[in-house]
Amino acid sequence: MPFIAATSKIDLPYKVAQTEVKKQAQKMFSANFPQTDRLIFAFDNTEIITRNFCKPLSYYEIPNTFEERNNDYITNTLQYSAQAVEDCVAKAGINKEDITDILFVSTTGLATPSMDALIINKLRLNPHINRSPLFGLGCGGGVSGMAKACTVAKANPNAVVLLVAVELCSLTLIKSDYSKSNFIGSSLFSDGIVACIIKGDNHGKTQPFEFVASSSKLYYDSLDVMGWEFQDTGFKVLFSKDIPMFINEHVHEDVTEFLTKQGLQLSDIKNFIFHPGGKKVLDAYTDALAVEGDFLNKTRAVMNGYGNMSSATVLYVLDKFMTESYEEGYGLMMAMGPGFSSEMVLLKLNKNK
């Protein structure tokens with residue numbers, strides 16, 4: 001089966017304390033958002049300690065246009081993606097010329113030619129690489145991207161697939177948007193860039209992180225739960241308080257159904273590689289799955305240290321499993337995103353290399 005050979009995440013230069021973000025948000029919203037004082041506690045309840053930003057906090061005080069922010073998205077995405085890819089290639093022990101496919105996942109900026117083309121050009125990767133830019137998957141994009149990368153590697157055992165996920169959520173902030181969604185979003189979202197190398201079966205057997213299967217599910221009539229409203233001023237964030245409810249109502253059944261198809265049950269999962277959408281989302285996963293112990297400890301650690309980096313976040317969690325520790329056995333990657341949808345990837349984690 002295909003396997004994940006390496007991951008490389010970016011620790012951005014601007015690591016900002018949540019308390020500082022809270023102060024700035026209170027200053028920004030208080031004059032035009034009457035609920036500021038009542039809802040400011042949301043920043044404290046996230047359990048986020050520091051946030052990952054591509055720009056200094058002072059950048060977000062200065063008025064700017066959507067065009068300016070999107071140009072900053074392209075510049076920063078290219079710079080940090082190149083850094084992550086070069087590091088990931090070195091970790092995987094390959095030459096960059098070996099890469100056969102690239103999947104680029106993002107929902108926080110626009111570029112045509114797409115960012116994968118810009119990355120190929122900057123790094124002088126093989127010009128014949130198969131390209132797949134993926135937009136609009138939101139928080140589900142990291143798991144969905146991994147599923148698609150592994151499917152490519154399964155179809156071609158000689159494949160060396162590069163998966164890059166970039167979300168610069170801070171650059172989508174619309175300063176004139178005094179909605180509750182924007183206020184709550186400003187308490188959660190941050191920036192993340194990560195690269196992964198996935199190899200086909202001909203590159204080795206019984207690897208530490210092997211792909212087994214994947215699942216994707218779209219829930220009918222839930223289109224308004226999460227997404228963007230595209231305006232002249234940029235990407236207006238839309239998300240609903242119903243997300244934890246969706247998890248409580250669907251996740252246990254969906255996970256059980258997926259695992260049953262693989263001849264497994266929930267107790268067979270030893271490693272939970274989940275996207276940390278926020279404290280309420282993690283609490284909902286904990287209640288819905290009722291797994292003993294702190295099974296989301298690495299997920300919480302990423303949320304505490306980085307915030308919600310949309311699609312990139314779950315790959316930061318994966319990187320933590322790959323670089324720190326994991327339990328031999330099965331691992332389940334999971335995230336939910338716009339649609340409303342759920343994405344799952346089943347991995348087999350082996351200790352022997």
Side-chain angles (χ1 to χ4, degrees), residues 1-9 84-105 116 125-126 129-132 134 141-165 194-216 258-259 261-264 268-275 298-299 302 311-335 343-353:
M1 298 296 287
F3 61 93
I4 305 168
T7 55
S8 180
K9 65 178 176 61
V85 170
E86 288 182 322
D87 185 55
C88 198
V89 163
K91 286 182 179 179
I94 63 171
N95 297 313
K96 61 184 182 181
E97 294 78 14
D98 297 334
I99 298 169
T100 59
D101 302 80
I102 179 171
L103 287 82
F104 181 84
V105 176
D116 48 290
L125 303 182
N126 187 329
I129 287 176
N130 298 307
R131 298 165 45 208
S132 297
L134 305 174
V143 178
S144 179
M146 180 59 71
K148 290 171 174 58
C150 290
T151 299
V152 169
K154 186 175 180 180
N156 175 14
N158 292 315
V160 176
V161 185
L162 171 62
L163 170 65
V164 181
V194 60
C196 307
I197 294 289
I198 297 93
K199 294 183 178 182
D201 209 29
N202 287 351
H203 294 280
K205 306 290 184 182
T206 318
Q207 297 293 319
F209 281 70
E210 294 182 321
F211 170 76
V212 179
S214 63
S215 172
S216 182
F258 173 51
L259 294 179
K261 290 179 180 178
Q262 309 306 319
L264 301 172
D268 292 313
I269 304 300
K270 307 300 181 185
N271 306 274
F272 292 83
I273 308 164
F274 278 36
H275 167 71
K298 287 185 172 65
T299 289
V302 169
S311 71
T313 326
V314 72
L315 301 176
Y316 276 59
V317 179
L318 174 65
D319 181 81
K320 204 168 187 65
F321 275 86
M322 293 187 72
T323 57
E324 293 183 5
S325 64
Y326 59 88
E327 189 173 341
E328 187 163 28
Y330 289 99
L332 180 66
M333 295 182 69
M334 185 167 192
E343 305 287 343
M344 288 183 277
V345 165
L346 180 65
L347 302 172
K348 181 77 185 311
L349 277 53
N350 306 297
K351 288 291 186 180
N352 55 319
K353 294 187 178 180

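Keep in mind that this is a model prediction, so the values were computed, not measured.
- When all heavy atoms are compared, the tightest approach of Leu103 to Ala149 is CD2-N, 3.8 Å.
- Using a 4.5 Å heavy-atom threshold, the side chains of Leu332 and Phe274 count as touching.
- Contacts of Lys9 classified as side-chain contact (heavy atoms from CB on, under 4.5 Å), with partners at least two apart in sequence or in another chain: Asp11, Val194, Tyr306, Tyr316, Asp319.
- With rounding to the nearest 0.5 Å, the separation of NZ in Lys148 from CG in Leu134 is 6.5 Å.
- Using a 4.5 Å heavy-atom threshold, the side chains of Met146 and Ile198 count as touching.
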Test log, rule side-chain contact (heavy atoms from CB on, under 4.5 Å), inputs Ile197 and Val161:
CA-CA 6 Å; Ile197 294 289; Val161 185; over 6 Å; no

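- Contact between Lys96 and Leu125 at its shortest, heavy atoms only, is CB-CD2, 3.6 Å.
- Checking side-chain atoms of Tyr326 against main-chain N and O of Lys320 turns up no donor-acceptor pair under 3.5 Å.
- Atom CD1 of residue Ile94 and atom NE2 of residue His203 lie 8.5 Å apart, to the nearest 0.5 angstrom.
- Across all their heavy atoms, Met333 and Val314 have their closest contact at CE-CG2, 4.2 Å.
- With Asp201 contributing its side chain and Met1 its backbone, the two residues share a donor-acceptor pair below 3.5 Å.
- Between atom CD of residue Glu97 and atom CD1 of residue Ile129 there is a gap of 9.5 Å, rounded to the nearest 0.5 Å.
- A donor-acceptor pair is defined here as one N or O able to donate and one able to accept, closer than 3.5 Å; no such pair exists between the side chain of Ser215 and the backbone of Met344.
- Rounded to the nearest 0.5 Å, atoms CG (Leu349) and CD (Glu328) are 8.5 Å apart.
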Show the atom names and distances, to 0.1 Å, of all donor-acceptor pairs under 3.5 Å that link a side chain in residues 86-93 to residues at least two apart or in another chain.
from  : atom 1 : to   : atom 2 : distance (Å)
Asp87 : OD2    : Ser8 : OG     : 2.5
Lys91 : NZ     : Thr7 : O      : 3.1

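- By the 4.5 Å heavy-atom criterion applied to side chains, Ile99 and Asn126 are not counted as neighbours.
- Smallest separation of non-hydrogen atoms from Val345 and Ser214: CG2-CB, 4.1 Å.
- Residues Lys270 and Gly329 come closest through the heavy atom pair CG-CA, 4.2 Å.
- Ile102 has its side chain out of reach of Val85: every pair of non-hydrogen atoms, C-beta onward, lies at least 4.5 Å apart.
- Between Ile273 and Val143, the closest side-chain pair of non-hydrogen atoms is not below 4.5 Å.
- Rounding to the nearest 0.5 Å gives a distance of 11.0 Å between CE of Met334 and CZ of Phe272.
- When each of Asn156, Asp116, Thr100, Asp101 is tested with Asn130 by the rule side chain to side chain donor-acceptor pair (under 3.5 Å), just one qualifies, namely Asp101.
- Taken to the nearest 0.5 Å, the CD atom of Glu210 stands 11.0 Å off from the SG atom of Cys150.
- When side chains are defined from C-beta on, Phe209 counts as touching Leu318, because their heavy atoms get closer than 4.5 Å.
- By the 4.5 Å heavy-atom criterion applied to side chains, Leu347 and Asn271 are not counted as neighbours.
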